[in-house]
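In each ligand, atom 1 is the first atom listed, and ligand 1 is the first ligand listed.
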Amino acid sequence: MDKFRILGRETLSGTLPVSGSKNSSLPAIAACLLTEEPVILHRVPNVRDIATMLKLLEYNGASVERRADGSVRIEAAKITNPEAPYEIVKTMRASSLVLGPLAARTGVARVSVPGGCSIGARPINLHINGLEHLGAVVHQEHGYIEATVPNGLRGNNVHFERITVTGTEDLMMAAALAQGVTVLENAAREPEVVDLADLLTKMGARITGAGTSRIEIEGVSRLHGTEHTIIPDRIEAGTLLIAGIMTNSEVTVTDCFPGHFASLLSKLRQAGARVEESAKAVQVRPVTRLRSVDMTTEEHPGFATDLQAQFMALMTVSSGISFVTENIFENRFMHVPELSRMGANIRIEGRQAIVAGPSELTGAQVMCSDLRASASLVLAALVARGESILDRVYHMDRGYEKIEMKLAQAGARIERIG
Ligand code: EPU
């Protein structure tokens, strides 16, 4: 199993380029199931979750060609196997994104019920309720959800009880091929939802309101092939920015859309960081002191839960007390005991972590528990005194493309060891 060895306390310099968004690529790949024509997606990051999703589409019968330039060509001329098997779903919850497209395209979809996950229960009841509103008949048996569409999908009003990102995406894809108009209310407003709407529109779908909490989709009878460039990964951008700030460096995070992580930038400024944004880049500069600020995760445009662990790492080296409240997932503090091993002073009370800083972090042997928790440990190790060994970096590989190379190129002492 791969590990990272990180020797802390190096300052970074130069540029840190951002890859294409993992969480935008996943629904975009699922959307390729909606047409028999080829779709070419550019700027798809080469990370493990994407490889898993591509494997799933191949299992469904699509032909997949990954090119050296980071683009992927997918042609789902025929769907031979409209199923997401347990082996794939258990490694990646986002595989439930094929539920809507498969049901819409073939009239039947079988998706393994996702089990628990290290960050929370992660049910898909809202995807299912939504599909039922569009006329699907859904049964659960032997650990699988089976959706059939006896009379074709029909547009309807769907009000999400709770905001769900992949649920909104799943329903938007199903509704694109339904008969009539679907209105999604209390929809997710994340940039990834907007990116998917842009792709679907290029494929011939009629969608308005993506990026607001009310999305209207007028179904069409068929969609066609197209080409699309995935948006930059806002979570990677945020992680790299925090790396620059924690190491007190002058670096520029490039190839990103700062408007997609405005709530992070505002918190960083409140904490005293010097961040300057331009159209597609953000520069950070050294400061003498960072101060603690409170932060609460929320749906977009609020502070992203996917940046909570990284922000907490920053708070461990800031002066004062910070209350970090996690509202989206019930178990997303797995990084806390590991950060504590490195000398952080953090107490958990229910959904809140109370961070007292600044702590003088020291290198230690720590364990990655999930994707974003791993990122927070990398950040802590970059400023810790001495050497850290991060075990189970396969979690990091799920969603960060060449992270150790990017950081090393900017001057960090980080290497992958077997
Ligand atoms: N929820 C339900 N029922 C559902 C769906 C969701 O109760 O049917 C609950 C969840 O348990 C959670 C909340 O609603 O408490 C929000 O979950 P959401 O459905 O929005 O999460 P998701 O779509 O499964 C996506 C990202 C996650 C990110 C969340 C929140 C993708 C592929 N994944 O997950 O990304 O944390 O939205 O922003 O887009 C990551 O990249 O590390 C990651 C976990």
S.K.: How close does the nearest protein non-hydrogen atom get to atom 41 (O) of ligand 1, and which residue and atom is it?
M.R.: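 It is R372 NH2, 2.8 Å.
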
S.K.: Could you tell me, atom by atom, which parts of ligand 1 come under 4.0 Å of a heavy atom of K22?
M.R.: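 Ligand 1 atoms under the 4.0 Å threshold to K22: 40 (C), 41 (O).
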
S.K.: Within the supplied structure, the quantity of interest is the number of heavy atoms (other residues, nucleotides, ligands) at a distance under 6.0 Å from Y86 OH; does it exceed 12?
M.R.: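 Not more than 12 within 6.0 Å, no.
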
S.K.: Considering the options E326, E299, E298, R372, which one meets the side chain to side chain donor-acceptor pair (under 3.5 Å) requirement together with T305?
M.R.: E326

S.K.: With heavy atoms of T305 as the reference, note each atom of ligand 1 found under 4.0 Å away.
M.R.: 30 (C), 36 (O), 38 (O)

S.K.: Between R67 and E65, what is the shortest heavy-atom contact and its length?
M.R.: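 So the two residues come closest at NE-OE2, 3.2 Å.
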
S.K.: Which of the atoms of ligand 1 are close to H127, meaning less than 4.0 Å from one of its heavy atoms?
M.R.: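 Going through ligand 1 atom by atom, the ones under 4.0 Å from H127 are 8 (O).
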
S.K.: Of the side chain and backbone of R332, name the one, both, or neither that has a heavy atom under 4.0 Å from an atom of ligand 1.
M.R.: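 Contact part for R332 vs ligand 1: side chain (C-beta onward).
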
S.K.: For S19, which of R43, K406, K402 qualifies under side chain to side chain donor-acceptor pair (under 3.5 Å)?
M.R.: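 Between S19 and the candidates, side chain to side chain donor-acceptor pair (under 3.5 Å) is satisfied uniquely by K406.
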
S.K.: Numbering the atoms of ligand 1 from 1, which are under 4.0 Å from a heavy atom of L26?
M.R.: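 The list of qualifying atoms is 32 (C).
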
S.K.: Kindly check if the number of other-residue, nucleotide or ligand heavy atoms within 6.0 Å of CD (Q365) is above 12?
M.R.: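 Atom CD in Q365 is not packed in, count stays at 12 or less.
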
S.K.: Answer yes or no: does an N/O atom from N125 fall short of 3.5 Å to an N/O atom of ligand 1?
M.R.: yes

S.K.: How close does the nearest protein non-hydrogen atom get to atom 4 (C) of ligand 1, and which residue and atom is it?
M.R.: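 Protein heavy atom with the smallest distance to atom 4 (C) of ligand 1: P123 O, 3.0 Å.
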
S.K.: For R93, is the nearest heavy atom under 4.0 Å from an atom of ligand 1?
M.R.: no

S.K.: Indicate, as side chain, backbone, both or neither, the part of R162 found under 4.0 angstrom from ligand 1 when only non-hydrogen atoms are considered.
M.R.: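 The answer is the side chain.
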
S.K.: Are any of the N/O atoms in T164 less than 3.5 Å from those in ligand 1?
M.R.: yes

S.K.: Does atom CD (Q140) have a neighbourhood of more than 12 heavy atoms from anything else shown, all under 6.0 Å?
M.R.: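 Enclosed.
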
S.K.: Which protein non-hydrogen atom lies closest to atom 34 (O) of ligand 1, naming both residue and atom, and how far is it?
M.R.: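 Nearest neighbour among protein heavy atoms for atom 34 (O) of ligand 1, to 0.1 Å: R122 NH2, 3.3 Å.
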
S.K.: Tell me if the CD atom of Q270 is crowded by more than 12 foreign heavy atoms within 6.0 Å.
M.R.: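 Atom CD in Q270 is packed in, count exceeds 12.
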
S.K.: Please report the closest heavy-atom contact between R73 and I40, naming both atoms and the distance.
M.R.: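 Shortest heavy-atom separation between R73 and I40 comes out as CG-CG1, 3.9 Å.
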
S.K.: Tell me whether R234 forms a cation-pi arrangement with F261, defined as NZ or CZ under 6.0 Å from the six-membered ring centre and within 45 degrees of its axis.
M.R.: no

S.K.: So is there a nitrogen or oxygen of L126 less than 3.5 Å from a nitrogen or oxygen in ligand 1?
M.R.: yes

S.K.: For atom 32 (C) of ligand 1, grab the closest protein heavy atom and report residue, atom and distance to one decimal in Å.
M.R.: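 Closest protein heavy atom to atom 32 (C) of ligand 1: N23 OD1, 3.4 Å.
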
S.K.: Can you list the ligand 1 atoms lying under 4.0 Å from a non-hydrogen atom of T166?
M.R.: 22 (P), 23 (O), 24 (O), 31 (C), 32 (C), 39 (O)

S.K.: Need the ligand 1 atom indices (1-based, order shown) with element for anything under 4.0 Å from a heavy-atom of A94.
M.R.: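 Selected atoms, number and element: 32 (C).
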
S.K.: Before signing off on this row, confirm whether E330 and ligand 1 have an N or O atom pair separated by under 3.5 Å.
M.R.: no

S.K.: Can you figure out which of I124, D306, I328 has its heavy atom closest to atom 35 (O) of ligand 1?
M.R.: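 That would be D306.
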
S.K.: When you compare ligand 1 with V165, is there at least one nitrogen or oxygen pair between them that comes in under 3.5 angstrom?
M.R.: yes

S.K.: Assess the residue pair L339 and L377 against the criterion (side-chain contact (heavy atoms from CB on, under 4.5 Å)); give the C-alpha distance rounded to whole Å, side-chain angles, the decisive distance to 0.1 Å, and a yes or no.
M.R.: CA-CA 7 Å; L339 289 173; L377 299 180; 3.9 Å; yes

S.K.: Among all the protein's non-hydrogen atoms, which is closest to atom 21 (O) of ligand 1, and how far away is it?
M.R.: F329 CZ, 3.9 Å

S.K.: May I ask you to say whether E277 pairs ionically with R269, meaning some side-chain N is under 4.0 Å from a carboxylate O?
M.R.: yes

S.K.: So, are E404 and R416 salt-bridged, with charged N and O less than 4.0 Å apart?
M.R.: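 Here E404 pairs with R416 in a salt bridge, since their nearest N and O are under 4.0 Å apart.
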
S.K.: Under 4.0 Å, counting heavy atoms only: does G399 come that close to any atom of ligand 1?
M.R.: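 It does not, in that no heavy atom of G399 comes within the 4.0 Å cut-off of ligand 1.
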
S.K.: Would E236 count as a contact of ligand 1 if the rule is a heavy atom under 4.0 Å away?
M.R.: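 No.
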
S.K.: Salt-bridge test for R222 and E36: reply yes if a basic N is under 4.0 Å from a carboxylate O, no otherwise.
M.R.: yes

